There are 2 protein chains.
Amino acid sequence: MGRFSQVLRDRGYRITVQREVILDEVEALPGHVSPNDVHARVAARFPQVNVTTVYRTLELLEHEGLVSHMHFHDGARWHRADEGLHQHLVCRQCGLEEQVELDEMQPLARELLSRHGFHADLAHFAIVGVCQECVRAAAVPVG
Amino acid sequence: MGRFSQVLRDRGYRITVQREVILDEVEALPGHVSPNDVHARVAARFPQVNVTTVYRTLELLEHEGLVSHMHFHDGARWHRADEGLHQHLVCRQCGLEEQVELDEMQPLARELLSRHGFHADLAHFAIVGVCQECVRAAAVPVG
DNA sequence: GTGTATGCAAAGCATTTGCACCTCC
DNA sequence: GGAGGTGCAAATGCTTTGCATACAC
């Protein structure tokens with residue numbers, strides 16, 4: 001039984017087969033995935049699991065602080081709560097994704113806290129923009 | 001005829017009654033609104049305009065650089081391109097929205113550019129977090 | 001006149017909900 | 001046995017698309 005299953009059981013939730021498979025997969029998540037991704041991975045081991053259950057389980061896990069979600073340009077993605085420790089840069093032209101350590105965001109976070117009393121969760125939304133390559137490409141237009 | 005209508009006509013687009021009304025409303029937009037908001041405002045003056053047309057017109061305006069959209073916690077909002085010059089802080093607990101001058105974000109923007117060559121559009125996504133009031137409230141839990 | 005814009009209805013997609021049934025503890 | 005969990009189907013909300021019609025230029 002995985003750690004997530006154990007935690008949920010300890011907190012008084014029932015562990016069903018579906019939950020166990022979903023928890024296992026979520027615990028082994030490679031980075032950031034959509035509910036659909038989770039469902040696909042789960043379905044490979046336990047076909048009859050419904051997407052609805054995936055949504056509900058993700059919600060439960062989030063409520064219990066084991067996973068979090070964040071927003072990319074093209075929708076929400078989930079990740080283990082202990083792995084959300086970076087910011088994402090997404091190029092709006094080529095779609096390239098780059099990770100930035102949250103440390104780099106700390107000065108801003110401190111600023112927002114001291115000036116506005118606001119405790120920012122900077123990683124919750126990706127940062128869009130244009131990457132180096134695309135700027136370079138645009139600087140020398142076709143023709 | 002509003003400035004937006006004029007610009008579009010100059011660029012070879014046809015000006016229909018629908019477009020003119022939509023353009024007028026968008027030009028007079030108070031801050032950040034959803035396509036639905038625009039539709040509601042437009043419909044007050046010209047009831048038979050379809051939401052579809054609002055979507056298509058916003059897309060056209062964005063393509064022509066007259067408006068932009070950005071993402072809040074609860075969906076996309078449009079604003080005049082010349083009025084997107086601030087970042088938004090949104091409290092995930094009480095929903096409070098605060099504006100921050102983009103100047104305050106410049107250090108981070110410069111950092112991302114110099115370290116990652118990334119031209120960040122920081123205002124495209126709001127920043128979520130917890131506001132002062134809610135932190136205060138949470139610090140002294142009920143009971 | 002002709003190509004562009006519009007309205008309408010329908011399709012998409014991601015997510016949520018209601019409800020009967022099932023099963024973990 | 002009973003609360004809690006699940007599957008299914010349908011509803012929702014937002015946005016897009018196809019197509020026949022209308023109208024700006």
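All chains are named by letter (A, B, ...) in the order of the sequence lines, taking the proteins before the strands, and each is independently numbered beginning at 1. These figures come from a predicted structure and were not determined experimentally.
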Protein-nucleotide distance (B:Asn36, atom CG; D:dT16, atom P), rounded to Å: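 The distance from CG of B:Asn36 to P of D:dT16 comes to 13 Å, rounded to the nearest Å.
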Length of the CG-P vector between B:Asp74 and D:dT15, whole Å: 11 Å
Stepwise salt bridge (Lys or Arg N to Asp or Glu O under 4.0 Å) check, A:Arg3 with A:Glu27: CA-CA 8 Å; A:Arg3 193 193 126 233; A:Glu27 206 171 338; 5.0 Å; no
Salt bridge A:Glu59-A:Arg56, side-chain N to carboxylate O under 4.0 Å: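 A salt bridge is absent here (no side-chain N lies under 4.0 Å from a carboxylate O).
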Pairwise 5' ranking along DNA chain D for B:Glu59 and B:Arg9, keeping only the more 5' one: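 Result of the comparison: B:Glu59.
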B:Thr53 side chain to B:Asn50 side chain, donor-acceptor N/O pair below 3.5 angstrom: no
Where chain A begins and ends its contact with DNA chain C, read 5' to 3' at 4.0 Å from heavy atoms: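 Both ends considered, the range comes out as C:dA14 to C:dC25.
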Residue pairs, two or more places apart or on separate chains, that pass ring pair (Phe, Tyr, Trp, His ring centres under 6.0 Å) and touch residues 91-115 of chain B: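 Those involving residues 91-115 of chain B do not exist here.
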Euclidean distance, B:Ser68 OG relative to B:Glu83 CD, rounded to 0.5 Å: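 Interatomic distance, B:Glu83 CD to B:Ser68 OG, rounded to 0.5 Å: 10.5 Å.
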Euclidean distance, B:Glu97 CD relative to B:Cys131 SG, rounded to 0.5 Å: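 One gets 12.0 Å once the value is rounded to the nearest 0.5 Å.
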Ring centres under 6.0 angstrom apart (A:His88, A:His32): yes
Partner of B:His116 by side-chain hydrogen bond (donor to acceptor under 3.5 Å, both in side chains), out of A:Gln99, A:Gln132, A:Glu98: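 The option that passes is A:Glu98.
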Phosphate OP1/OP2 of D:dT16: any B:Tyr55 side-chain N/O under 4.0 Å: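 So the side-chain polar atoms of B:Tyr55 never come under 4.0 Å of the phosphate oxygens OP1 or OP2 of D:dT16.
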Base-contact (B) and sugar-phosphate-only (S) positions in nucleotides 3-10 of chain D, heavy-atom cut-off under 4.0 Å, - elsewhere: BBSBBBB-
